[in-house]
Amino acid sequence: MEKFVSQAARRTRLSGIREISEKAMRMRDVIRLELGEPDFKTPDNIIDAATEAMKKGYTHYTSVMGIPELREAIAEKLERENGIEADPEREILVTCGGYHAIFVSLAAVLNPGDEVIVTDPCWSAYVSTISFLGAKPVYCPLDEDKEFEPSLDLIENRITEKTKLIIINSPQNPTGAVWSKSILEAITELAMKKNILVLSDEVYEKLIFDGYKHFSPASIIPDAKDYVISIFSFSKTYAMTGWRIGYVVANEKLIEYMKRVSFITIACPNAFVQYAAIEALGGSQDAVNRMIKEYQKRRDIIYSEISKISGVKCCKPHGTFYIFPNFSEIMRDSVKLTYYLLENARVAVVPGVSFGPEVGEGHIRISFATSTENLREAAKRIREAVENLQTSDA
Ligand SMILES: Cc1ncc(COP(=O)(O)O)c(C=O)c1O
């Protein structure tokens, strides 16, 4: 059968989470902290809007770009909250979530052999999609001592004549870092100077704590909009991961080509989900605010508990629902550590190496999208398992 499989499919990897998840599922009494999804229910007003839309008969194909009412609602939101002016007719494409938005964006701009600068660590789907398209990911390390904020010099050093794109992601998966306006601005300016594109993945834009602010690079410099492809999603903000809805904002020429890729992959986004998305943007945001408060409470607990473990270095995340502690002093091999924790602490996490070969290694990603009881118990189990390891080594 192998002989039938395409080169592109061979180059594609599922994320490192899947193997751990499958193993965790077969075990008893495991606290699952490997998954990247909200544990909250989708707010009722959004569910009601979808039900009503289905009953009204919105169960057929829509425009490839998404229904005009949703694109208008998105344009208003972008102007109000992101400071991005986008023409709903030509500059916004509704997609089946952030994954799909990233796929259509990369497929529309990358040729085989092109280089794409990604950070180490970064969300692994970027690397898989870049490789699927025959392009080459070029890792640029993030410095943990600088709260995982990118260095402009290191990015600049990696730019070659083959560089087509830089992918940035703030708030960031897996570190939870929220990058400053100044670095986002500087990266965008650099890209413009070098005539390369920026893909700004902003799917965690709302999951921010401690008074930190989200910045959209497409808004911060006049004309940046032509160089920045901005990715947004309803998944994380509204606990809508299973609904599969998001959008991409870019220059109209690029959107035109993304539209073609979207057409041949999905024909159009789900009809009634688009009506639910209008309600998500225009309806009450109380549930979102409650979820953010709860995530911050959970972040406080997991950060304080994990920081107490001797030998563990932990950077405080100011966004997302992930924390990325450094266990290098205890065990540098993050895959080995993950399996050790699964078997001995009965806690499932993701090995840091799934997010980056150098900086990612030595770390684990813990998702705190779970109850405070689970987080306290998981931290206690991890601490005990690490202590056992330290005593058995002594
Ligand atoms: C950084 C990042 N971008 C994009 C996505 C895609 O999410 P969705 O397709 O559910 O919008 C994810 C999902 O985990 C993510 O972590």
Side-chain angles (χ1 to χ4, degrees), residues 13-18 20-21 32-40 42 46 66 70 74 93-107 116 118-130 137 142 148 150 165-179 184 198-208 214 216-217 229-249 258 262 265-266 269-270 273-274 276-277 280-281 288 295 317-324 349-350 352 354-356 360 365-369:
R13 296 269 171 275
L14 290 176
S15 87
I17 303 169
R18 190 191 56 117
I20 293 290
S21 269
R32 307 276 304 273
L33 305 182
E34 83 281 20
L35 299 173
E37 71 168 338
D39 57 326
F40 297 106
T42 305
I46 299 175
L70 175 57
I74 290 171
L93 175 72
V94 181
T95 62
C96 281
Y99 269 98
H100 182 235
I102 290 163
F103 182 81
V104 299
S105 303
L106 296 182
V116 181
V118 293
T119 58
D120 175 357
C122 70
W123 186 48
S124 57
Y126 306 140
V127 172
S128 293
T129 311
I130 293 163
L142 297 179
F148 293 112
L165 185 78
I166 304 171
I167 299 186
I168 54 178
N169 169 219
S170 174
Q172 207 227 12
N173 178 5
T175 62
V178 178
W179 298 344
L184 292 168
V198 171
L199 183 142
S200 172
D201 179 347
E202 304 179 35
V203 304
Y204 295 97
E205 61 173 332
K206 291 290 160 91
L207 305 192
I208 293 200
H214 174 68
S216 291
I229 299 169
S230 312
I231 306 289
F232 298 93
S233 171
F234 291 80
S235 287
K236 317 286 178 178
T237 307
Y238 298 99
M240 287 175 72
T241 45
W243 297 66
R244 312 310 304 129
I245 187 103
Y247 50 99
V248 48
V249 187
M258 291 175 195
S262 189
T265 48
I266 61 160
N270 312 299
V273 173
Q274 295 185 61
L281 291 177
V288 177
Y295 285 132
H318 298 291
T320 73
F321 38 64
Y322 308 114
I323 187 162
F324 201 59
V349 296
V350 188
S354 319
F355 303 98
R365 189 193 75 176
I366 297 175
S367 160
F368 49 88

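Atoms within a ligand are numbered from 1 in the order they appear, just like the ligands themselves.
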Next item on the list: Decide side chain to side chain donor-acceptor pair (under 3.5 Å) for Q172 and T320; before the verdict, give the C-alpha distance in whole Å, the side-chain angles of both, and the deciding distance to 0.1 Å.
Entry: CA-CA 7 Å; Q172 207 227 12; T320 73; over 6 Å; no
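Atoms OG and NE2, from S170 and H214 in turn, are 6.5 Å apart once rounded to the nearest 0.5 Å. In this structure, S354 OG and I17 CD1 are separated by 7.0 Å, a value rounded to the nearest 0.5 Å. Distance OG/S367 to CZ/R32: 11.0 Å, rounded to 0.5 Å.
Interface of Y204 with ligand 1, defined as ligand atoms under 4.0 Å from a residue heavy atom, comprises 1 (C), 2 (C), 14 (O), 15 (C), 16 (O). Residue S233 has at least one heavy-atom neighbour below 4.0 Å for each of these atoms of ligand 1: 8 (P), 11 (O). Close contacts of ligand 1 with R244, meaning ligand atoms under 4.0 Å from a residue heavy atom, involve 8 (P), 9 (O), 10 (O). Close contacts of ligand 1 with G97, meaning ligand atoms under 4.0 Å from a residue heavy atom, involve 9 (O), 11 (O). Atoms of ligand 1 lying under 4.0 Å from any heavy atom of Y126, numbered from 1 in the order shown and given with element: 1 (C).
Of all the heavy atoms of T241, none lies under 4.0 Å from any atom of ligand 1, so neither backbone nor side chain is involved. Counting heavy atoms closer than 4.0 Å to ligand 1, residue K236 contributes side-chain atoms (C-beta onward) but none from N, CA, C or O. Looking at Y99 against ligand 1, both its backbone and its side chain come within 4.0 Å, counting heavy atoms.
With F321 as the partner, the ring-ring contact (aromatic ring centres under 6.0 Å, His included) test is satisfied by one option alone out of Y295, F40, F368: Y295.
For atom 3 (N) of ligand 1, the nearest non-hydrogen atom from the set I102, D201, I167 comes from D201.
For atom 12 (C) of ligand 1, the nearest non-hydrogen atom of the protein is W123 CZ2, 3.3 Å.
At least one N or O atom of S235, backbone or side chain, sits closer than 3.5 Å to an N or O atom of ligand 1. Among the atoms of N169, none of the N or O lies under 3.5 angstrom from an N or O of ligand 1.
At a cut-off of 3.5 Å, with distance as the only test, a side-chain donor of Y126 or D201 sits close to an acceptor on the other residue.
At distances below 3.5 Å, not a single donor-acceptor pair connects side-chain atoms of K206 with backbone N or O atoms of Y238.
Ring geometry, F324 versus F148: the interplanar angle exceeds 60°, so the pair is classed perpendicular (tilted spans 30 to 60°).
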